[in-house]
Amino acid sequence: LGPVKLDFYVDAFDSNEPNAVPLPAKVTATKHARFLPSKNQVLFEGDSKAVVVRQDPNFVEEYILSSQQIAVDLPADANSRASASSMGIEHLRAVGGIVTLATKKTSADLLLSGIELICRQFDYDPNQQLYTAVGPGIIKLANAEAPAKTDPNDKSQKFSLNKPCWAVIQNYDSLRYFQAENRIIVDAGPAGAVVVQYFPIKDGKFSDHIIVTANHVEANLIETAPGRTDLSTLTASGGVTYQAKDNEFIGGQLFYDHAKQLIKVIGSESFPCQFNGQLTDQIEYDLKTGKVKAELVGPGALRLK
């Protein structure tokens, strides 16, 4: 009977570090904890919370999963460890009420980044290294205090998560994160649209407001330094809009390449390509120069900055 607390250790999340020190973890619940032998499952009930702390020479990272119920499936034979799971569990599920997963990364007194994911159900499958969130939900990224690693006047890294910024993802129906591939897939459902908002910060103020909407989004991430992750490529499809200051792009698909700092939009039968209301074959937006190239439907070409 609660309140209950379980202290234990889990293997480090980074599979590239086989000799990494195990991470301290804690699960608490206010009502009770039960073990179900038939399912080989442990249930934590009532304001359940799982906390994992990761300490690195360059930063401290804290993961907090909160829900009304946390269910942990154990391997059939814990001694054999035949499972591919690096954490000694088969599955973890958080349900009930509003489920949140919050991470906070700090260095000294500086908040490097903070992420909060809100959903109806959260699942972790260690064997597949897969994290799944069921919406409707929202993700908030707070990176306001992160020191910029490049010249703040340099526009060559316009959409960098390592620069001071805020980002919000809304209206997702399902979200999957493939840890081994460092890839995120977000879907809005049959009739919805995922809304991605990005707010870069300069001199303590928002310098822009960029909005992307799409039915389906795939993002590949890349580790730029220990404890730092940035966006590598992004593909949005199923009807896409992009809005930033004086530019509005509409099309069937949008491609973003971080290394080239290039956005490309193409049309589809259901979603013809448009640049500021004008029909085009496709759009190329060079973020380094700020120039937009759009071939008009018909004779001539449109090149604007």
Side-chain angles (χ1 to χ4, degrees), residues 117-119 133 135-141 143 155 157-161 163 165-176 183-201 206-221 230-298 301-305:
L117 181 148
I118 300 173
C119 59
I138 184 171
I139 304 173
K140 304 174 185 178
L141 182 146
N143 208 23
K155 296 182 180 180
Q157 301 294 323
K158 189 176 181 68
F159 299 115
S160 175
L161 298 179
K163 282 187 173 183
C165 66
W166 282 77
V168 179
I169 301 176
Q170 298 171 275
N171 300 336
Y172 72 83
D173 187 63
S174 70
L175 180 147
R176 290 171 290 165
R183 180 162 57 102
I184 298 175
I185 298 179
V186 185
D187 284 291
V194 176
V195 181
V196 181
Q197 301 189 67
Y198 178 78
F199 303 85
I201 297 174
F206 293 136
S207 60
D208 205 345
H209 181 194
I210 299 162
I211 305 175
V212 177
T213 66
N215 181 264
H216 178 84
V217 178
E218 296 190 20
N220 292 299
L221 306 175
D230 213 339
L231 183 63
S232 174
T233 62
L234 183 144
T235 301
S237 59
V240 177
T241 66
Y242 172 97
Q243 294 177 312
K245 291 184 178 179
D246 298 329
N247 290 329
E248 181 183 55
F249 309 148
I250 298 175
Q253 288 184 299
L254 178 147
F255 307 94
Y256 167 64
D257 189 311
H258 184 76
K260 297 179 180 179
Q261 283 294 285
L262 182 69
I263 291 177
K264 184 176 181 180
V265 180
I266 62 174
S268 65
E269 184 176 346
S270 302
F271 303 96
C273 189
Q274 299 181 48
F275 170 54
N276 288 346
Q278 300 185 64
L279 288 175
T280 71
D281 288 330
Q282 66 177 30
I283 301 167
E284 288 189 3
Y285 181 20
D286 190 330
L287 298 169
K288 291 177 290 189
T289 63
K291 292 182 179 180
V292 177
K293 179 181 177 182
E295 300 291 337
L296 293 174
V297 176
L302 177 66
R303 297 172 185 266
L304 295 177
K305 181 176 181 180

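Along the sequence shown, residues are numbered consecutively beginning with 1.
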In Å, rounded to the nearest 0.5 Å, how long is the span from CD of Q261 to OH of Y256? 4.0 Å
Can you tell me how far NZ of K291 sits from CG of D286, rounded to the nearest 0.5 angstrom? 8.5 Å
Atom pair OG1 (T235) and CD1 (I185), whose distance is rounded to the nearest 0.5 Å: 10.5 Å
Distance-minimising heavy-atom pair for L279 and P272: CD2-CB, 4.0 Å
Hey, does T213 have a side-chain heavy atom less than 4.5 Å from the side chain of V196? no
By side-chain contact (heavy atoms from CB on, under 4.5 Å), which residues pair with L117, not counting sequence neighbours? L101, C119, A133, I139, Y172, L175
Which value, rounded to the nearest 0.5 Å, describes the distance between E248 atom CD and Q243 atom CD? 5.0 Å
Determine whether T233 and F255 make a side-chain contact, defined as any pair of heavy atoms from C-beta on separated by less than 4.5 Å. no
Can you name the side-chain hydrogen bond (donor to acceptor under 3.5 Å, both in side chains) partners of D187, sequence neighbours left out? H216
Distance col, row S237:OG vs N215:CG, nearest 0.5 angstrom, shows 7.0 Å
Does the side chain of L254 reach to within under 4.5 Å of the side chain of Y242, using non-hydrogen atoms? yes
Correct closest heavy-atom pair for A214 and V240 would be CB-CG2, 4.0 Å
Which atom of I138 lies closest to which atom of K140, heavy atoms considered: CD1-CE, 4.0 Å
Could you work out, with side-chain contact (heavy atoms from CB on, under 4.5 Å) as the rule, every residue matching F271, not counting sequence neighbours? S268
Do you know the tightest heavy-atom contact between D208 and K245? OD1-CG, 3.6 Å
Derivation of the side-chain contact (heavy atoms from CB on, under 4.5 Å) call for V217 and L234: CA-CA 7 Å; V217 178; L234 183 144; 4.1 Å; yes
Write down the atom of A294, the atom of I283, and the distance for their closest heavy-atom approach. CB-CG1, 4.3 Å
F249 and Y285 aromatic ring geometry - parallel, tilted or perpendicular at 30°/60° bounds: perpendicular
Once side-chain contact (heavy atoms from CB on, under 4.5 Å) is applied, do any residues pair with D257, and if so which ones, sequence neighbours excluded? A259, K260
In short, salt bridge (Lys or Arg N to Asp or Glu O under 4.0 Å) pairs touching residues 211-221 with sequence neighbours left out are R183-E218
Measure the CD1-CZ distance between I184 and R176 for me, rounded to the nearest 0.5 Å. 12.0 Å
Please give me the minimum heavy-atom distance between L262 and L287, naming the atom from each residue. N-CD1, 4.4 Å
Which residues pass the side-chain hydrogen bond (donor to acceptor under 3.5 Å, both in side chains) test with S174, sequence neighbours left out? none
